[in-house]
Amino acid sequence: MSPALSRIAQGLAGSAVVEARRKADALAARGVDIVDFGIGEPDFAAPEVATEAAIRALREGRGRYVDPRGLPALREAICAFESTRNRHEVVPSEVVVTAGSYGALSITARALLDAGDEVLLPEPFWGPYRSIVQLVGAIPVPVPGRVVGGRFTFDVDALRVHATPRTRAIVINTPNNPTGRVLTRAELSAIADLAIERDLWIIADEVYGQLVYDGASHQSVAALSPDVADRTVVATSLSKTFAMTGWRLGYCLAPPRVAEALSRINQYNLRCPTSFVQYAAAVALADAWPEVDRMRRTYRARRDLVVRRLGRLPGVRTDVPEGTFYAFPRIPDAWGTGKAFADRLLTEAGVVVSAGNAYGASAAQHFRVSFATSEALLNEGFDRIERLVATSGRPAEGDA
Ligand code: PLP
């Protein structure tokens, strides 16, 4: 017998998405042909300029510790990118480089939250927020979303109802994983008003900020006004924009006194994010936009395909994603839950999707399709889904 784990470690749940992945891997190992719509990462290679820059940095011996706030040249490149492409003016003292958005979110939680603080998570939300909040002993408070005509609406009044004197922060994510929705300026202003009224932090996950389509435009809540910026930490990364998920490079944007605390926490957590990746990230932010534009055009065509194919499934309602590479359809109640449907898709059709309940209880009737995969595979997967729906009349009920 060894001593007990910490209470926090014991209370930490596994991820439903990782669980589904393992099930799919086990089926694939038994020879089942799997089509994967579960994965939340680009299927493109990282931009060539970034790869070359990383190799060059290594060859030139730039593999040493750097400042825990991040390389000065990278922090400058981040400021230039944010001000030009996101219309969000920031200066280097407001930037802390992290190991991906995960790294950004976890140091933010450690900087802003104490044990017992409550954090509002508007549904549907990316599941790991819950665990990131719990890891610092704070309490995630899911706020059910309202579905109108198959579409999740953003309801600030519901946030207000769930706010208590112990509420310390709201987490928002636009463009949203899993819905692909982009919050409007009016919605962001309403969130900001609530944060000011109740003296809350806003934690803004903007990891999909560059992946928006048609006329949609990403707006950072922090850029609304200096008062809002003073209570906001943006957590974001290069993972999705540049197809650099495994490089683990992200950053926080925060008021200088918060950035100071974040960089101290970063230091004792990591010392610094990987140095040669930081050199490459500065190059990507300056020079990789033609490749990002190409990826964005490809995602947009895939999005249209997915929306078209979902539209052929009887009774399934889908909001057209304005950003990200996810669609989040709602299935008819008669088909059982999103989880039951996802389980049947995997075991009977070999198609991996994510069940809606991973994004909050109010999303239990949904499932998430990632279109970060080729059109050929998207068509193959949807052919299988159509066959399953057609041959079984309707999928069985029950949460299998
Ligand atoms: N935030 C959201 C909403 C995500 O979907 C993801 C990844 O799927 C992340 C953060 C984490 O991304 P990374 O740590 O690679 O930047």
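Here the structure is a predicted model, which is why all the values come from computation and not from measurement. Whatever order the structure lists ligands and atoms in, that order sets their numbers, starting from 1.
Scanning all protein heavy atoms for the shortest distance to atom 11 (C) of ligand 1 gives W126 CH2, 3.6 Å. Ranking the protein heavy atoms by distance from atom 12 (O) of ligand 1 puts S101 OG, 3.8 Å first. Residue, atom and distance of the protein heavy atom nearest to atom 3 (C) of ligand 1 are D205 OD2, 3.3 Å.
Judged by the 6.0 Å distance and 45° axis criteria, R271 is positioned over the aromatic ring of Y65.
Those atoms of ligand 1 with a heavy atom of R248 less than 4.0 angstrom away are 13 (P), 14 (O), 15 (O). Interface atoms of ligand 1 facing G100, defined by a heavy-atom separation under 4.0 Å, are 14 (O), 16 (O). For ligand 1, the atoms sitting less than 4.0 Å from at least one non-hydrogen atom of N173 are 3 (C), numbered in the order shown with element in parentheses.
Aromatic ring pairs are classed by plane angle as parallel below 30°, tilted from 30° to 60° and perpendicular above 60°; the pair F81 and Y251 is perpendicular.
Residue-level proximity to ligand 1 for K240 is carried by the side chain, the only part with a heavy atom below 4.0 angstrom. When heavy-atom distances to ligand 1 are checked against a 4.0 Å cut-off, S239 comes that close only through its side chain, counted from C-beta outward. Under 4.0 angstrom from ligand 1, the non-hydrogen atoms of Y102 come from both its backbone and its side chain.
Taking CD1 of I39 as the reference point, atom CZ of F325 lies at 10.0 Å (rounded to 0.5 Å).
Taking distance alone, with nitrogen or oxygen atoms compared against 3.5 Å, Y129 stays at or beyond that limit from ligand 1. Residue S237 places at least one N or O, backbone or side chain, under 3.5 Å from an N or O of ligand 1. Looking at Y326 next to ligand 1, no N or O pair under 3.5 Å apart turns up.
Side chains of N266 and R69: no donor on one and acceptor on the other come within 3.5 Å. Looking only at atom types and distance, the side chain of T337 has no donor-acceptor partner in the side chain of Q365 under 3.5 Å away. No donor-acceptor contact under 3.5 angstrom links the side chains of Q210 and T241, judged on distance only.
You'll find the side chain of F44 reaches within 4.5 Å of the side chain of T298, heavy atoms only. Put simply, the side chain of L135 does not reach to within 4.5 Å of the side chain of S106, judged on heavy atoms.
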